[in-house]
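The structure under discussion appears below in the form of C-alpha cells.
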Number of protein chains: 2
Amino acid sequence: MFYGCPPTAAPIRVGDKWTAKIIRCLELGPRRFTELQRPLRGITPKVLTESLRAMERDGLLTRTAYDEIPPRVEYELTTLGRSLLEPMNAGCEWSRKHLAELMRARETWHAGTS
Amino acid sequence: MFYGCPPTAAPIRVGDKWTAKIIRCLELGPRRFTELQRPLRGITPKVLTESLRAMERDGLLTRTAYDEIPPRVEYELTTLGRSLLEPMNAGCEWSRKHLAELMRARETWHAGTS
DNA sequence: CGGTATCCTAGTCGATACTG
DNA sequence: CAGTATCGACTAGGATACCG
C-alpha cells in the first residue's frame, strides 16, 4: 500500500506511523513479535512495543503470552482492528488512482502554477 | 467529522493535523484566508499558511490573489483535492460506527485484560 | 524470545510580534 | 486583509544497550 510512498507524502494515515502496516501484517492471521519486526524493516523493538501496546489499549488487537521456554507471544487483530481495513482500503484505492498525480504536482513546483 | 475527537485518538488522518479540516471548510466552495481561520479555531496564521502552501504544492487546492485594496485571496479545492473526500468519508463512517467502541476500550484500560 | 531503559534528533505545532 | 519572522514547547520516532 503506502510502502513505496515517502512518509511525508502519505496523504492518509491510520493512527501513527506504524499502525496501518501492523494491521496489514496481521491481516492474514496472528503473528509473533519478531514476525512483525522483520517485515517492518527498521522498526526498533521500543517503537514496535509502543505501537502494539497502544493498539491493544484501543482494542485493535490482543496480546497472548504463552508460558513457554523460550517465551512465545502472539498478536492478533480483534474485530474492531479488522474493521479498520475498510477505510484503509479506501485510502489505498485513492493512492492507486491519484498518488502519482499528487507526486507529479509536487515535482512540478517551480512557479509555473497557472 | 473528527471535530469532537481527541487529537491522539483520531484513528485516521489525512495529511497533517489540519489538512482534512481545511478540505472540509472548502468543500462547499472557495474561501478566503480569514474565512478559513475562523472555523479552524486556534490555528495560527503561520500554520494555516504552511498547510495551505503544502496543499497547493501537492495540487490539492489553488490560491487566487485578486489585486485589490484591501487584498483578497481565495482558496479553492482542485479536482484532486476534492477526490480526497472519498477516503475521508470512509474514515468518517468508520468513526461513526466504531469510535465509541475504541474509546470505551481505551477507558477500560486497567489490567483486566484476561 | 520478547521485550526495557536511556538518550537523542527532527519535525510539527503554537505564541507572539510585526508588515505590505 | 493576508500574511511573514522568530522563538520555543512538545513529541513521535530512532540508536543503542541491556534484561528476565
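On a predicted model such as this, the values are computed, not experimentally measured, just so you know. Numbers restart at 1 for each chain; the letters A, B, ... are given by sequence-line order, proteins then strands.
Rounding to whole angstrom units, CG of residue B:Asp67 and P of C:dG20 are separated by 17 Å. One can place CG of B:Leu48 at 13 Å from C1' of D:dT4, the figure rounded to the nearest angstrom. Rounded to whole Å, the distance from CD on A:Gln37 to P on D:dG13 is 16 Å. Rounded to whole angstrom, the span from the CD1 atom of A:Ile22 across to the P atom of D:dG13 amounts to 10 Å. Between B:Ile69 atom CD1 and C:dT19 atom C1' there is a gap of 14 Å when expressed in whole angstrom units.
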Could you go through residues 67-76 of chain A and list every donor-acceptor pair under 3.5 Å that involves a side-chain atom there, pairing it with any protein atom two or more places apart or in another chain?
| from | atom 1 | to | atom 2 | distance (Å) |
| --- | --- | --- | --- | --- |
| A:Glu68 | OE1 | A:Arg72 | NE | 3.4 |
| A:Glu68 | OE2 | A:Arg72 | NH2 | 3.1 |
| A:Tyr75 | OH | A:Arg63 | NE | 3.4 |

Please tabulate, for the side chains in residues 26-48 of chain A, all donor-acceptor contacts under 3.5 angstrom to protein atoms that are two or more places apart in sequence or on a different chain.
| from | atom 1 | to | atom 2 | distance (Å) |
| --- | --- | --- | --- | --- |
| A:Glu27 | OE1 | A:Arg24 | NH1 | 3.2 |
| A:Glu35 | OE1 | A:Arg32 | N | 2.7 |
| A:Thr44 | OG1 | A:Val47 | N | 3.4 |

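A:Glu93 CD to A:Ile12 CD1: the interatomic distance, rounded to the nearest 0.5 Å, is 10.5 Å. Once rounded to the nearest 0.5 Å, the distance linking CG of A:Leu61 with CZ of A:Arg82 reads 11.0 Å. With rounding to the nearest 0.5 angstrom, the OG1 atom of A:Thr49 is 11.0 Å from the CD atom of A:Glu56. Note that the CG atom of A:Asp58 and the CZ atom of A:Arg53 stand 13.5 Å from one another [nearest 0.5 Å].
Proximity of B:Leu60 to B:Ile22: side-chain heavy atoms (C-beta onward) are nowhere separated by under 4.5 Å. By the 4.5 Å heavy-atom criterion applied to side chains, A:Ile23 and A:Leu77 are counted as neighbours. Counting heavy atoms from C-beta outward, A:Val14 and A:Pro87 have side chains that stay 4.5 Å or more apart.
Between its opening and closing five pairs, the helix from C:dC1-D:dG20 to C:dG20-D:dC1 changes axis direction by 50°, a value rounded to 10 degrees.
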Distances under 3.5 Å only, N/O to N/O: pair up the protein atoms with those of nucleotides 13-15 of chain C.
| from | atom 1 | to | atom 2 | distance (Å) |
| --- | --- | --- | --- | --- |
| C:dC13 | OP1 | B:Lys17 | N | 3.0 |
| C:dC13 | O3' | B:Lys17 | NZ | 3.4 |
| C:dC13 | N4 | B:Lys46 | NZ | 3.4 |
| C:dG14 | OP1 | B:Lys17 | NZ | 2.6 |
| C:dG14 | OP2 | B:Trp18 | NE1 | 3.1 |
| C:dG14 | N7 | B:Lys46 | NZ | 3.4 |
| C:dG14 | O6 | B:Lys46 | NZ | 2.2 |

All N/O pairs under 3.5 Å across the protein-nucleotides 1-3 of chain D interface:
| from | atom 1 | to | atom 2 | distance (Å) |
| --- | --- | --- | --- | --- |
| D:dC1 | O3' | B:Arg32 | NH2 | 3.1 |
| D:dC1 | O3' | B:Pro71 | O | 3.2 |
| D:dA2 | OP1 | B:Arg32 | NE | 2.9 |
| D:dA2 | OP1 | B:Arg32 | NH2 | 3.1 |
| D:dA2 | OP1 | B:Val73 | N | 3.2 |
| D:dA2 | OP2 | B:Thr34 | N | 3.4 |
| D:dA2 | OP2 | B:Thr34 | OG1 | 2.9 |
| D:dG3 | OP1 | B:Arg63 | NE | 3.3 |
| D:dG3 | OP1 | B:Arg63 | NH2 | 2.6 |
| D:dG3 | OP2 | B:Tyr75 | OH | 2.5 |

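Annotation: ring pair (Phe, Tyr, Trp, His ring centres under 6.0 Å) contacts of A:Trp94 (sequence neighbours excluded): A:His98.
B:Thr78 places a side-chain N or O within donor-acceptor distance of the main-chain N or O of B:Gly59, the cut-off being under 3.5 Å.
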